[in-house]
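Just so you know, these numbers use all the heavy atoms, side chains as well, and skip hydrogens, waters and symmetry mates. In the text below, chain A, chain B and the rest are named by the order of the sequence lines, each starting its count at 1. Nothing here was measured: the structure is a model prediction, and the numbers come from that model.
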2 protein chains.
Amino acid sequence: MSKPINDSTYWRDFERNDITHSAAHYLMAIDALRDEYGYARVTDVAEMLEVSRGAASMSISQLKKRGWVTEDAHRFLLLTEDGRCMAQLVEQNFRILGKFFEEVLGVSPDTALSDACKMEHLMSLETGRRLVWLMRYILSDESRAAKIHDVMACFRPGCESAEHCPLCEGGQCLTAPEGDCEFHRRHQRKPGGVNS
Amino acid sequence: MSKPINDSTYWRDFERNDITHSAAHYLMAIDALRDEYGYARVTDVAEMLEVSRGAASMSISQLKKRGWVTEDAHRFLLLTEDGRCMAQLVEQNFRILGKFFEEVLGVSPDTALSDACKMEHLMSLETGRRLVWLMRYILSDESRAAKIHDVMACFRPGCESAEHCPLCEGGQCLTAPEGDCEFHRRHQRKPGGVNS
DNA sequence: AACATAAGTTCATCATGATGAACAAAGAGA
DNA sequence: TCTCTTTGTTCATCATGATGAACTTATGTT
């Protein structure tokens, strides 16, 4: 935790990310449609994502330019090798994060899925793989899993900052003293927390 | 894991998020500058974030409209109560995620910080608090922490999918068979994984 | 062949968040 | 006071990702 949070070498990484949230979902929609129906057309993608045909058409033509999407012999949309790998990386991240939030942290399903969906395209391969490794360790042993579930079942909003926090460093606590301000209380009631 | 990944009730949550990545960093910059120098001006924020003064001016005026930023008696920028809470929520999320990635998962510091910075404004309050709770459990006991560190030290890229994965469900494995495709091998070498 | 429907593209428009240039206003020094 | 610098705002411009309307191009059907 050396560099400051606003260090420009980090904070601009967000916009330099390999794939946008939107692009990831176009790729995954094509993948899902081919799995389910055997083919994917611009209109099918638009329908699945509930965007206009125009938006789907323009986004998909960008994905073609980036080499992630082509057409098969019947002119149906097809992911390239790179496109499929990218789609599967994001899908894996979604499953990993969703499962971790829901089954390890005990987050409510709605919030777990919403959080996972927002973060899916931003988690690096390394972090995702290590998270799987940790979950395998935690969940592969029955008594260990049960213990974690017991611990997480004891969680109540605010309780994580009730006692002296062993995670504090340099005077900054992971759970800031403002954790129970009016603003947080308001947002806490809404599923999704940060979401409106 | 009931709803499909492309369900529009979820996939559009990303753009409906309470705060954008950029807005979060403007708030945190104002907070940090006031902590460090006692005041924050548009120019200082622009300098810290390495954006143009024009960009900072326009973004900050949006934050004023949203009620997150005002000016103090000396016309210096000031976070409102809501603005400070929002900034601290994002900062907490950054510290929580960064610490989790680095100290629990054993992710390399660069990747851990980059991932945490990208995801900081997207993790809900509930998920963040529960993650703190889990980390307190894991790290508060020496032998438990040591065991986790041992387990994570054994991690090698790809090893998480080497044996039968106990996390599989509905035929879909968290670690897809394509986890070791050419595409992933290429990206694995770059710090940040998904990043370019 | 003619017409209707479906599929796909393009265009004007909007919002966000950036740039750099032009401009206005406030302070500091000779 | 006059001038120069700093500070802050506004503007034209760009890129992305969306909308809806208009348009073109199949693909059927009678």
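- At a cut-off of 3.5 angstrom, the base of C/dA7 holds at least one donor-acceptor pair with the side chain of A/R53.
- Between B/E102 and B/K99 there is no salt bridge, since no side-chain nitrogen of the basic residue lies less than 4.0 Å from a carboxylate oxygen of the acidic one.
- Where A/A55 and A/W11 meet DNA chain C, the nucleotide closest to each residue was compared, and A/A55 sits on the side nearer the 5' end.
- Using a 4.0 Å heavy-atom criterion, one finds that A/F76 contacts no nucleic acid atom at all.
- Closest approach of B/A116 to B/G98, counting heavy atoms only: CB-N, 3.5 Å.
- Nearest nucleotide to the side chain of B/S59, out of D/dG17, C/dT19, C/dA18: C/dA18.
- Toward the 5′ end of DNA chain C lies the nearest nucleotide of A/A40, the other residue of the pair A/E15 and A/A40 mapping further downstream.
- Contact check, B/S61 against D/dT9: no side-chain N or O comes under 4.0 Å of OP1 or OP2.
- DNA chain D is contacted by both B/D44 and A/V51; B/D44 maps to the nucleotide lying nearer its 5′ end (nearest heavy atom per residue).
- Put simply, CD on B/E47 is 12 Å from C1' on D/dT7, counting in whole angstrom units.
- OP1 or OP2 of D/dG8 lies within a sub-4.0 Å distance of a side-chain N or O belonging to B/T43.
- One finds a salt bridge joining A/D72 and A/R34 here, because a Lys/Arg side-chain nitrogen approaches an Asp/Glu carboxylate oxygen to under 4.0 Å.
- Atom NE2 in A/H25 sits roughly 17 Å away from atom C1' in D/dT16 (whole-Å rounding).
- Which of C/dG8, D/dT9, D/dT19 sits closest to the side chain of A/M58 comes down to D/dT19.
- Going from atom CG of B/L27 over to atom P of C/dG17 covers 12 Å, rounded to whole Å.
- B/L49 and B/M58 fall into different hydrophobic clusters, defined by Ile, Leu, Val, Met, Phe, Trp and Tyr side-chain heavy atoms under 4.5 Å apart, directly or through other members.
- When the P atom of D/dT19 is taken as reference, atom CG of A/L49 falls 10 Å away, rounded to whole Å.
- Distance A/F14 CZ to D/dT16 C1': 13 Å, rounded to the nearest Å.
- In this structure, A/R75 atom CZ and C/dA6 atom P are separated by 22 Å, rounded to whole Å.
- Going from atom CG of B/L63 over to atom P of C/dG17 covers 9 Å, rounded to whole Å.
- Listed nucleotides D/dA18, C/dT19, C/dG17 differ in distance to B/T20; the shortest reach to its side chain belongs to C/dG17.
- Within the nucleic acid shown, A/R12 comes within 4.0 Å of sugar-phosphate atoms alone, with no base atom in reach, counting heavy atoms only.
- If you take CZ of A/R66 and P of D/dG17, they are 9 Å apart, rounded to a whole angstrom.
- Taking the charged nitrogens against the carboxylate oxygens, A/D150 and A/K147 have no contact shorter than 4.0 Å, which rules out a salt bridge.
- Residue-level contact check: A/S22 touches the backbone only, with heavy atoms under 4.0 Å from sugar-phosphate atoms and none from bases.
- Under 4.0 angstrom from either OP1 or OP2 of C/dA18 there lies at least one side-chain N or O belonging to B/Y26.
- The shortest distance between the side-chain N/O atoms of B/S57 and the OP1/OP2 oxygens of D/dT10 is not below 4.0 Å.
- Looking at A/E71 and A/K64, a side-chain N of the basic residue comes within less than 4.0 Å of a carboxylate O on the acidic one, giving a salt bridge.
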